[in-house]
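What's counted below: heavy atoms across the whole structure, side chains too, no hydrogens, waters or symmetry copies. All values derive from a computational prediction rather than experimental measurement.
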Amino acid sequence: MTLSAIQITAKPKTLVDSDIVVGKDILELLANAMYVDPLTIYREYIQNAADSIDEARMARLSLDDPHILITLDHAGRTVRIRDNGDSISNVDFVKRITAIGASHKRGTSLRGFRGVGRLSGLGYCQELLFRGKAEGDTKIVEVSWNSRALKEKMRDLNYSGSLIDIIREVVTYTEKPATDKAERFFEVELRKVGRLKNDLLMNEQAIRSYLSQVAPVPFHPDFSFGEKIQSFLSGRGIRPPIRIDLNDNAGPIYHRARNTIELNPKTTDTLRGIEFVEITGDDGELAAFGWIGDHAYMGAVPKKLGMAGIRLRAGNIQVGDESLLAPLYPEQRFANWTIGDIHVASKKIIPNGRRDDFEYTVHYTWLQSELSARAAELAHRIRTRSQQRQRL
């Protein structure tokens, strides 16, 4: 007697709303676990401000002086970041500011597209506020995230509310009449900023150094190769740099590149020239381009100068740091002997959520292989010039 297999076919069922739970802990992951370095919040808010300014340009709004202003109030423990870009209309303001992982930028040429960067400040202050108005609006809308209450609910083991519940409990908004209907602005404010790592978030010098490396700022007027590099970048679609001011009376923030490299109190190296680079992807299209500074390679560029390394950038915002490309060199130490920027042009090479690297794809692997060849050439150049100095 043989037993025939019994086949049971079941029709797949669709989940209903009650089957899906998005817990409150997702906020903690987005606000804290995503960003290790506190200064990263400046990159996130500057990136959003730069996108807003670019949106104003694309909309052909009047924009004689595009700029971003960072104001530190040490007595009140407050940080404000304000731009004069396109902003957000009164109608969409609250919805956009409370949306998580739903960015209107996805699929556009703008830099941000995941819709989580605005929450980066939640872990570093007691209250996070967003305020602004678009051109023509009659009101200024302000949305407040109560970071302190949020943290208390996160620690409460008995709290069983969902993500939507906790947002309703910690977020409020207000509206007030605008005195100037033509004005437009967007402002982020962090109140009662925590003292972290030697009060890093309120340290003007640290903020300047960091933004000179990561932000889309102009080259210093005294930098000999600034105009030449900017012309090269503009010809390949890089948008104009944006002026960023800090209220420390030290002038605008400029790109990290300088003419001289102070290796130590007795030794100074000088940039003698610029080499432009263009890299074609595996699809035959331009994948990346940039510049590499040529100098005597007398030693590693001191970290305190903030100049070292060939940095990768996407949308003219730095991805990772000076050590990102170090594994591509025959000797990793040589990464800190170089200076330059490589701008990633391919839409198929995408920064990861933390912007500390790119998503690993075949296209990024191809770019790494091409950069590895460049790194080998630089390592050879460094060794050759070292041998020449030894013979002299």
Side-chain angles (χ1 to χ4, degrees), residues 37 39 43 197-198 200 203-215 217-230 232-233 241 246 248 250-277 290-313 316 318-343 356 371-392:
D37 182 358
L39 288 173
R43 182 196 66 201
K197 298 183 179 181
N198 198 27
L200 199 59
N203 184 322
E204 286 90 346
Q205 185 176 357
I207 295 168
R208 278 187 169 274
S209 176
Y210 178 75
L211 291 180
S212 73
Q213 299 172 60
V214 305
V217 290
F219 291 99
H220 195 284
D222 294 337
F223 180 50
S224 301
F225 307 99
E227 289 187 10
K228 186 177 181 181
I229 295 173
Q230 191 58 55
F232 173 82
L233 298 178
L246 187 61
D248 58 354
I253 297 173
Y254 292 108
H255 188 281
R256 73 185 198 282
R258 295 292 186 271
N259 293 322
T260 57
I261 309 165
E262 297 176 0
L263 299 172
N264 57 56
K266 296 183 178 180
T267 307
T268 299
D269 200 354
T270 304
L271 282 185
R272 58 178 68 169
I274 294 293
E275 173 191 356
F276 290 116
V277 176
W291 61 274
I292 298 173
D294 184 36
H295 51 100
Y297 299 102
M298 302 169 69
V301 180
K303 187 176 181 63
K304 65 180 181 180
L305 298 181
M307 293 173 59
I310 296 174
R311 318 287 183 93
L312 292 186
R313 302 176 77 86
N316 205 12
Q318 183 173 292
V319 177
D321 56 21
E322 70 275 11
S323 64
L324 181 59
L325 298 181
L328 304 183
Y329 287 80
E331 296 179 51
Q332 292 195 23
R333 64 190 179 95
F334 286 150
N336 289 324
W337 292 51
T338 59
I339 297 173
D341 286 333
I342 299 295
H343 295 255
D356 60 0
L371 291 173
S372 181
R374 298 278 178 174
E377 293 173 4
L378 287 169
H380 177 71
R381 186 182 304 173
I382 291 169
R383 291 194 186 99
T384 300
R385 292 188 181 172
S386 176
Q387 292 168 358
Q388 292 172 346
R389 285 193 298 272
Q390 289 175 0
R391 285 196 296 269
L392 287 173

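- Using a 4.5 Å heavy-atom threshold, the side chains of Ser212 and Tyr254 count as separate.
- Contact record, Leu263 with Pro302: O-CG, 3.5 Å, taken as the closest heavy-atom pair.
- Distance check: Ile274 CD1 to Phe223 CZ gives 4.5 Å after rounding to the nearest 0.5 Å.
- Annotation for Gln388: atom CD counts as buried by contact number, over 12 foreign heavy atoms lying within 6.0 Å.
- Other residues, nucleotides and ligands contribute only 12 or fewer heavy atoms inside 6.0 Å of the CG atom of Asn198.
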Inset, instruction - Would you please test Glu377 and Arg374 for side chain to side chain contact (heavy atoms under 4.5 Å, CB included) and show each step? - result: CA-CA 5 Å; Glu377 293 173 4; Arg374 298 278 178 174; 4.2 Å; yes
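- Between the Arg385 side chain and the His295 main chain, a donor and an acceptor come within less than 3.5 Å of each other.
- In this structure, the side chain to side chain contact (heavy atoms under 4.5 Å, CB included) partners of Gln332, at least two apart in sequence or on a different chain, are Ala326, Pro327.
- Here NE2 of His255 is found 7.5 Å from CG of Asn316. Values are rounded to the nearest 0.5 Å.
- In this structure a side-chain-to-backbone donor-acceptor pair under 3.5 Å is present from Arg389 to Ala296.
- At least one side-chain heavy atom of Ile339 sits less than 4.5 Å from a side-chain heavy atom of Ile261.
- Under the 4.5 Å side-chain criterion, counting only non-hydrogen atoms from C-beta, Thr384 is not in contact with Tyr297.
- Between Met298 and Thr268, the shortest heavy-atom contact is SD-O, 4.4 Å.
- Without hydrogens or angle criteria, Arg256 side chain to Met307 main chain gives a donor-acceptor distance under 3.5 Å.
- Between the CD1 atom in Ile292 and the CD atom in Glu275 there is a gap of 5.0 Å [rounded to 0.5 Å].
- We find the NE2-CD distance between His343 and Gln318 to be 10.0 Å, quoted to the nearest 0.5 Å.
- From Ile253, atom CD1 reaches atom CG of Asp248 across 7.5 Å, with rounding to the nearest 0.5 Å.
- Taking every heavy atom of both residues into account, Phe334 and Ala379 meet most closely at CD1-CB, 3.7 Å.
- A pairwise comparison of heavy atoms in Arg311 and Gly306 identifies NH2-O, 3.3 Å as the closest pair.
- The side chain to side chain donor-acceptor pair (under 3.5 Å) pairs that include a residue from residues 321-330 are Lys303-Glu322, Asp321-Ser323, Tyr329-Thr338, where partners are two or more places apart or lie in different chains.
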Inset, instruction - Start with the C-alpha distance between Ile342 and Leu312, add both sets of side-chain angles, then the distance that settles side chain to side chain contact (heavy atoms under 4.5 Å, CB included), and finish with yes or no. - result: CA-CA 5 Å; Ile342 299 295; Leu312 292 186; 3.6 Å; yes
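- Every residue meeting the side chain to side chain donor-acceptor pair (under 3.5 Å) condition with Thr267, not counting sequence neighbours, appears here in chain and number order: Asn264.
- Between Pro241 and Val217 the shortest heavy-atom distance is CB-C, 3.6 Å.
- When the shell of 6.0 Å around CD of Glu262 is examined, it contains 12 or fewer heavy atoms from other residues, nucleotides or ligands.
- Taking both residues in full, the closest heavy atoms of Leu39 and Ala206 are given as CD1-O, 4.1 Å, listed atom of the first, atom of the second, then distance.
- Test Phe232, Phe225, Trp291 against Phe276 for ring pair (Phe, Tyr, Trp, His ring centres under 6.0 Å) and you get one pass: Phe232.
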Inset, instruction - In sequence, state the C-alpha distance, the side-chain angles, and the governing distance for Arg381 and Asp294, and then conclude on side chain to side chain contact (heavy atoms under 4.5 Å, CB included). - result: CA-CA 10 Å; Arg381 186 182 304 173; Asp294 184 36; 3.8 Å; yes
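- Rounded to the nearest 0.5 Å, atoms OG1 (Thr260) and CG (Asp269) are 9.5 Å apart.
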